[in-house]
Asker: 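Have a look at the structure that comes next, please.
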Amino acid sequence: MNAASRIAVSIRHVVKNFGALRALDGVTLDIAEGEFFGLLGPNGAGKTTLISSLAGLARPDSGTLEVMGHDVVRDYRAARMALGVVPQELVFDPFFTVREMLRLQSGYFGLRNNDDWIDEILHHLDLTSKANANMRMLSGGMKRRALVAQALVHRPPVIVLDEPTAGVDVELRHGLWQFIQKLNDQGHTIVLTTHYLEEAETLCGRIAMLKAGRIVALDTTANLLQRFACRALTLKLAAPVV
(Lines give C-alpha, C1' and ligand atoms only; values in the text may rest on other atoms or scores of the structure.)
Protein backbone atom coordinates (compact mmCIF):
# COMPACT_ATOMS: atom_id res chain seq x y z
CA MET A 1 0.00 0.00 0.00
CA ASN A 2 1.36 3.39 -1.05
CA ALA A 3 2.14 5.62 1.93
CA ALA A 4 0.31 8.51 0.20
CA SER A 5 -2.87 6.49 -0.35
CA ARG A 6 -6.02 7.64 1.39
CA ILE A 7 -7.27 5.14 3.96
CA ALA A 8 -10.72 3.70 3.23
CA VAL A 9 -10.88 1.30 6.21
CA SER A 10 -8.92 1.77 9.41
CA ILE A 11 -8.97 -0.87 12.15
CA ARG A 12 -7.00 -0.26 15.33
CA HIS A 13 -6.35 -2.75 18.17
CA VAL A 14 -9.84 -4.26 17.94
CA VAL A 15 -10.76 -6.81 20.61
CA LYS A 16 -14.09 -8.63 20.71
CA ASN A 17 -15.08 -11.28 23.23
CA PHE A 18 -18.08 -13.58 23.29
CA GLY A 19 -18.02 -14.80 26.88
CA ALA A 20 -14.80 -16.74 27.34
CA LEU A 21 -14.14 -16.80 23.57
CA ARG A 22 -11.90 -14.06 22.20
CA ALA A 23 -13.07 -13.71 18.59
CA LEU A 24 -10.81 -10.74 17.76
CA ASP A 25 -7.52 -10.30 19.53
CA GLY A 26 -6.02 -6.88 18.86
CA VAL A 27 -6.60 -6.67 15.09
CA THR A 28 -4.92 -3.67 13.42
CA LEU A 29 -5.28 -3.12 9.69
CA ASP A 30 -5.45 -0.34 7.08
CA ILE A 31 -7.07 -0.76 3.67
CA ALA A 32 -6.38 1.93 1.07
CA GLU A 33 -9.03 3.58 -1.03
CA GLY A 34 -9.44 1.69 -4.31
CA GLU A 35 -7.87 -1.55 -3.09
CA PHE A 36 -9.24 -5.01 -3.80
CA PHE A 37 -8.38 -6.58 -0.44
CA GLY A 38 -8.72 -10.20 0.62
CA LEU A 39 -9.46 -11.47 4.12
CA LEU A 40 -8.72 -15.17 4.42
CA GLY A 41 -8.81 -17.67 7.25
CA PRO A 42 -10.44 -20.89 8.43
CA ASN A 43 -13.92 -21.05 9.96
CA GLY A 44 -13.85 -19.40 13.37
CA ALA A 45 -10.86 -17.20 12.54
CA GLY A 46 -12.84 -14.00 13.20
CA LYS A 47 -13.55 -12.79 9.65
CA THR A 48 -17.31 -12.41 10.02
CA THR A 49 -16.94 -10.88 13.50
CA LEU A 50 -14.57 -8.28 12.06
CA ILE A 51 -17.02 -7.46 9.26
CA SER A 52 -19.95 -7.28 11.73
CA SER A 53 -17.93 -4.85 13.85
CA LEU A 54 -17.13 -2.76 10.79
CA ALA A 55 -20.82 -2.60 9.87
CA GLY A 56 -21.85 -1.65 13.42
CA LEU A 57 -23.70 -4.93 13.99
CA ALA A 58 -21.29 -5.92 16.78
CA ARG A 59 -19.56 -3.50 19.12
CA PRO A 60 -15.93 -4.27 19.95
CA ASP A 61 -14.84 -4.41 23.58
CA SER A 62 -11.92 -2.16 22.75
CA GLY A 63 -10.26 -0.56 19.74
CA THR A 64 -11.64 1.59 16.92
CA LEU A 65 -12.91 1.08 13.37
CA GLU A 66 -13.36 3.75 10.71
CA VAL A 67 -14.86 3.74 7.21
CA MET A 68 -13.77 6.64 4.99
CA GLY A 69 -12.69 8.52 8.12
CA HIS A 70 -15.97 7.97 10.00
CA ASP A 71 -15.90 6.11 13.32
CA VAL A 72 -18.41 3.26 13.15
CA VAL A 73 -19.58 3.93 16.72
CA ARG A 74 -19.43 7.71 17.14
CA ASP A 75 -20.35 8.56 13.54
CA TYR A 76 -22.41 5.52 12.68
CA ARG A 77 -24.72 7.15 10.12
CA ALA A 78 -21.90 8.46 7.91
CA ALA A 79 -19.89 5.25 8.30
CA ARG A 80 -22.89 3.14 7.27
CA MET A 81 -23.57 5.37 4.24
CA ALA A 82 -20.01 4.70 3.07
CA LEU A 83 -20.31 0.92 3.43
CA GLY A 84 -22.17 -1.82 1.58
CA VAL A 85 -22.10 -5.32 3.05
CA VAL A 86 -23.06 -8.59 1.38
CA PRO A 87 -23.65 -10.99 4.30
CA GLN A 88 -22.73 -14.63 4.33
CA GLU A 89 -26.26 -15.66 5.37
CA LEU A 90 -29.24 -15.43 3.00
CA VAL A 91 -31.23 -12.91 5.03
CA PHE A 92 -34.16 -11.26 3.23
CA ASP A 93 -37.77 -10.13 3.64
CA PRO A 94 -39.99 -12.77 2.02
CA PHE A 95 -42.91 -10.39 1.40
CA PHE A 96 -41.26 -8.17 -1.23
CA THR A 97 -40.24 -8.55 -4.85
CA VAL A 98 -36.61 -7.92 -5.77
CA ARG A 99 -37.37 -4.43 -7.07
CA GLU A 100 -39.49 -3.55 -4.03
CA MET A 101 -36.68 -4.68 -1.74
CA LEU A 102 -34.17 -2.48 -3.59
CA ARG A 103 -36.50 0.53 -3.51
CA LEU A 104 -37.06 0.02 0.20
CA GLN A 105 -33.30 -0.24 0.78
CA SER A 106 -32.84 2.98 -1.21
CA GLY A 107 -35.31 4.66 1.13
CA TYR A 108 -33.28 3.63 4.17
CA PHE A 109 -30.46 5.75 2.76
CA GLY A 110 -32.70 8.67 1.83
CA LEU A 111 -32.51 7.99 -1.91
CA ARG A 112 -35.46 8.80 -4.15
CA ASN A 113 -35.87 8.17 -7.88
CA ASN A 114 -33.14 5.53 -7.75
CA ASP A 115 -34.67 3.25 -10.41
CA ASP A 116 -32.06 3.95 -13.10
CA TRP A 117 -29.27 2.67 -10.83
CA ILE A 118 -31.45 -0.22 -9.65
CA ASP A 119 -32.02 -1.20 -13.30
CA GLU A 120 -28.28 -1.11 -13.96
CA ILE A 121 -27.53 -3.31 -10.94
CA LEU A 122 -30.25 -5.78 -11.96
CA HIS A 123 -28.82 -5.92 -15.48
CA HIS A 124 -25.23 -6.54 -14.38
CA LEU A 125 -26.29 -9.21 -11.91
CA ASP A 126 -28.57 -10.89 -14.47
CA LEU A 127 -31.62 -10.22 -12.30
CA THR A 128 -33.72 -8.17 -14.72
CA SER A 129 -36.05 -11.09 -15.45
CA LYS A 130 -36.54 -11.60 -11.70
CA ALA A 131 -37.15 -7.96 -10.79
CA ASN A 132 -40.85 -8.54 -10.07
CA ALA A 133 -40.45 -12.00 -8.55
CA ASN A 134 -41.01 -12.46 -4.83
CA MET A 135 -37.77 -13.00 -2.92
CA ARG A 136 -38.95 -16.24 -1.36
CA MET A 137 -39.54 -17.74 -4.82
CA LEU A 138 -35.92 -17.30 -5.94
CA SER A 139 -33.28 -20.00 -5.97
CA GLY A 140 -30.36 -19.77 -3.56
CA GLY A 141 -28.09 -18.35 -6.26
CA MET A 142 -30.65 -15.73 -7.25
CA LYS A 143 -31.14 -14.71 -3.62
CA ARG A 144 -27.37 -14.27 -3.34
CA ARG A 145 -27.42 -11.96 -6.37
CA ALA A 146 -30.28 -9.96 -4.84
CA LEU A 147 -28.28 -9.45 -1.63
CA VAL A 148 -25.34 -8.16 -3.68
CA ALA A 149 -27.73 -5.73 -5.39
CA GLN A 150 -29.05 -4.62 -2.00
CA ALA A 151 -25.53 -3.83 -0.77
CA LEU A 152 -24.83 -1.71 -3.85
CA VAL A 153 -28.10 0.22 -4.04
CA HIS A 154 -26.72 3.35 -2.29
CA ARG A 155 -23.44 3.31 -4.29
CA PRO A 156 -21.13 2.93 -1.28
CA PRO A 157 -17.42 3.69 -1.80
CA VAL A 158 -16.50 0.62 0.29
CA ILE A 159 -18.04 -2.78 -0.50
CA VAL A 160 -17.56 -5.79 1.80
CA LEU A 161 -18.38 -9.25 0.48
CA ASP A 162 -18.53 -12.01 3.08
CA GLU A 163 -18.24 -15.35 1.24
CA PRO A 164 -20.42 -14.00 -1.62
CA THR A 165 -19.99 -17.03 -3.91
CA ALA A 166 -20.70 -19.74 -1.32
CA GLY A 167 -23.11 -22.20 -2.91
CA VAL A 168 -23.15 -20.28 -6.20
CA ASP A 169 -22.71 -21.89 -9.60
CA VAL A 170 -19.60 -21.23 -11.68
CA GLU A 171 -21.37 -19.10 -14.30
CA LEU A 172 -22.83 -16.75 -11.69
CA ARG A 173 -19.50 -16.58 -9.88
CA HIS A 174 -17.72 -15.39 -13.01
CA GLY A 175 -20.45 -12.86 -13.82
CA LEU A 176 -20.44 -11.52 -10.28
CA TRP A 177 -16.68 -11.05 -10.24
CA GLN A 178 -16.72 -9.26 -13.57
CA PHE A 179 -19.20 -6.76 -12.14
CA ILE A 180 -17.30 -6.36 -8.86
CA GLN A 181 -14.03 -5.95 -10.76
CA LYS A 182 -15.68 -3.20 -12.82
CA LEU A 183 -16.75 -1.41 -9.62
CA ASN A 184 -13.19 -1.68 -8.31
CA ASP A 185 -11.85 -0.28 -11.59
CA GLN A 186 -14.21 2.67 -11.06
CA GLY A 187 -12.60 3.39 -7.69
CA HIS A 188 -14.68 1.39 -5.20
CA THR A 189 -12.77 -0.27 -2.38
CA ILE A 190 -13.54 -3.99 -2.22
CA VAL A 191 -13.02 -6.20 0.85
CA LEU A 192 -13.52 -9.89 0.19
CA THR A 193 -13.64 -12.87 2.49
CA THR A 194 -13.51 -16.21 0.73
CA HIS A 195 -12.51 -19.84 1.11
CA TYR A 196 -11.60 -19.97 -2.57
CA LEU A 197 -7.89 -19.23 -2.77
CA GLU A 198 -8.06 -18.93 -6.55
CA GLU A 199 -10.53 -16.04 -6.18
CA ALA A 200 -8.22 -14.17 -3.83
CA GLU A 201 -5.23 -14.92 -6.05
CA THR A 202 -7.01 -13.62 -9.15
CA LEU A 203 -8.74 -10.58 -7.69
CA CYS A 204 -6.93 -9.26 -4.60
CA GLY A 205 -3.88 -7.04 -4.58
CA ARG A 206 -3.24 -7.65 -0.87
CA ILE A 207 -4.34 -10.34 1.56
CA ALA A 208 -4.58 -10.57 5.35
CA MET A 209 -4.76 -14.02 6.90
CA LEU A 210 -6.66 -14.37 10.17
CA LYS A 211 -6.24 -17.19 12.66
CA ALA A 212 -7.83 -17.33 16.12
CA GLY A 213 -8.71 -13.64 15.95
CA ARG A 214 -5.23 -12.44 15.01
CA ILE A 215 -3.64 -11.37 11.75
CA VAL A 216 -0.90 -13.93 11.11
CA ALA A 217 0.11 -12.72 7.64
CA LEU A 218 -0.36 -9.47 5.71
CA ASP A 219 1.28 -8.78 2.36
CA THR A 220 0.71 -8.46 -1.34
CA THR A 221 -0.89 -11.50 -2.92
CA ALA A 222 2.21 -12.21 -5.01
CA ASN A 223 4.51 -12.13 -1.96
CA LEU A 224 2.23 -14.37 0.11
CA LEU A 225 1.93 -16.92 -2.66
CA GLN A 226 5.69 -16.94 -3.08
CA ARG A 227 6.21 -17.43 0.67
CA PHE A 228 3.62 -20.11 1.25
CA ALA A 229 3.22 -21.88 -2.06
CA CYS A 230 4.38 -25.46 -1.80
CA ARG A 231 3.84 -28.26 -4.24
CA ALA A 232 4.67 -31.88 -3.66
CA LEU A 233 4.12 -35.00 -5.71
CA THR A 234 4.17 -38.37 -4.01
CA LEU A 235 4.19 -41.60 -6.03
CA LYS A 236 3.45 -44.96 -4.54
CA LEU A 237 4.26 -47.84 -6.86
CA ALA A 238 2.30 -51.07 -6.75
CA ALA A 239 5.44 -53.03 -7.55
CA PRO A 240 9.18 -52.34 -7.81
CA VAL A 241 10.36 -50.90 -11.09
CA VAL A 242 12.64 -53.41 -12.85
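As a basis for the values below, the full set of heavy atoms in this structure was taken, side chains included, without hydrogen atoms, waters or symmetry mates.
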Asker: Using the side-chain contact (heavy atoms from CB on, under 4.5 Å) criterion, which residues pair with T64? Sequence neighbours excluded.
Answerer: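 Only R12, D71 meet the side-chain contact (heavy atoms from CB on, under 4.5 Å) criterion with T64.
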
Asker: Looking at L54, V9, V27, which one forms a side chain to side chain contact (heavy atoms under 4.5 Å, CB included) with L65?
Answerer: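 So the option named by the test is L54.
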
Asker: Is there side-chain contact between D219 and I207, with heavy atoms separated by less than 4.5 Å?
Answerer: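 Side chain of D219 against side chain of I207, heavy atoms only: no contact under 4.5 Å found.
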
Asker: Among L127, L102, V98, find the one that has a side chain to side chain contact (heavy atoms under 4.5 Å, CB included) with I118.
Answerer: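 Among L127, L102, V98, the one meeting side chain to side chain contact (heavy atoms under 4.5 Å, CB included) with I118 is L102.
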
Asker: Given side chains that start at C-beta, do those of F95 and E100 come closer than 4.5 Å, heavy atoms only?
Answerer: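 F95 does not reach E100 side chain to side chain.
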
Asker: Would you confirm whether T221, through its side chain, and C204, through its main-chain N or O, come within 3.5 Å as a donor-acceptor pair?
Answerer: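 Yes, because the side chain of T221 sits within donor-acceptor range (under 3.5 Å) of the backbone of C204.
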
Asker: Could you check whether any side-chain heavy atom of I7 comes within less than 4.5 Å of a side-chain heavy atom of I31, counting everything from C-beta outward?
Answerer: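 When only atoms from C-beta onward are counted, I31 and I7 do not touch, as no gap falls below 4.5 Å.
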
Asker: Are any of the side-chain heavy atoms of L83 and P156 separated by less than 4.5 Å?
Answerer: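 Of all side-chain heavy-atom pairs linking P156 with L83, none is under 4.5 Å.
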
Asker: For H13 and T28, does a side-chain donor sit closer than 3.5 Å to a side-chain acceptor?
Answerer: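 Distance-only check passes for H13 and T28.
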
Asker: Ignoring hydrogens and angles, tell me if any N or O in the side chain of N184 forms a donor-acceptor pair with the backbone of G34 under 3.5 Å.
Answerer: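 Yes, N184 side chain to G34 backbone: donor-acceptor pair under 3.5 Å.
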
Asker: When you measure from the side chain of W117 to the backbone N and O of H154, does any donor-acceptor pair fall under 3.5 Å?
Answerer: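 No: the side chain of W117 does not pair with the backbone of H154.
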
Asker: Would you check if the side chain of K47 reaches a backbone N or O of G41 as a donor-acceptor pair within less than 3.5 Å?
Answerer: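 Confirmed, K47 side chain pairs with G41 backbone.
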
Asker: Is there side-chain contact between L183 and L152, with at least one heavy-atom pair below 4.5 Å?
Answerer: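 Side chain of L183 against side chain of L152, heavy atoms only: contact under 4.5 Å found.
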
Asker: Among all residues two or more places apart in sequence or in another chain, which pass the side chain to side chain donor-acceptor pair (under 3.5 Å) test with R59?
Answerer: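 If we apply the side chain to side chain donor-acceptor pair (under 3.5 Å) test to R59, skipping adjacent residues, there are no hits.
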
Asker: Closer than 4.0 angstrom, basic N to acidic O: yes or no for R99 and D119?
Answerer: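 Salt bridge flag = yes for D119 with R99.
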
Asker: Is there side-chain contact between L24 and L50, with heavy atoms separated by less than 4.5 Å?
Answerer: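 Answer yes - side chains close enough.
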
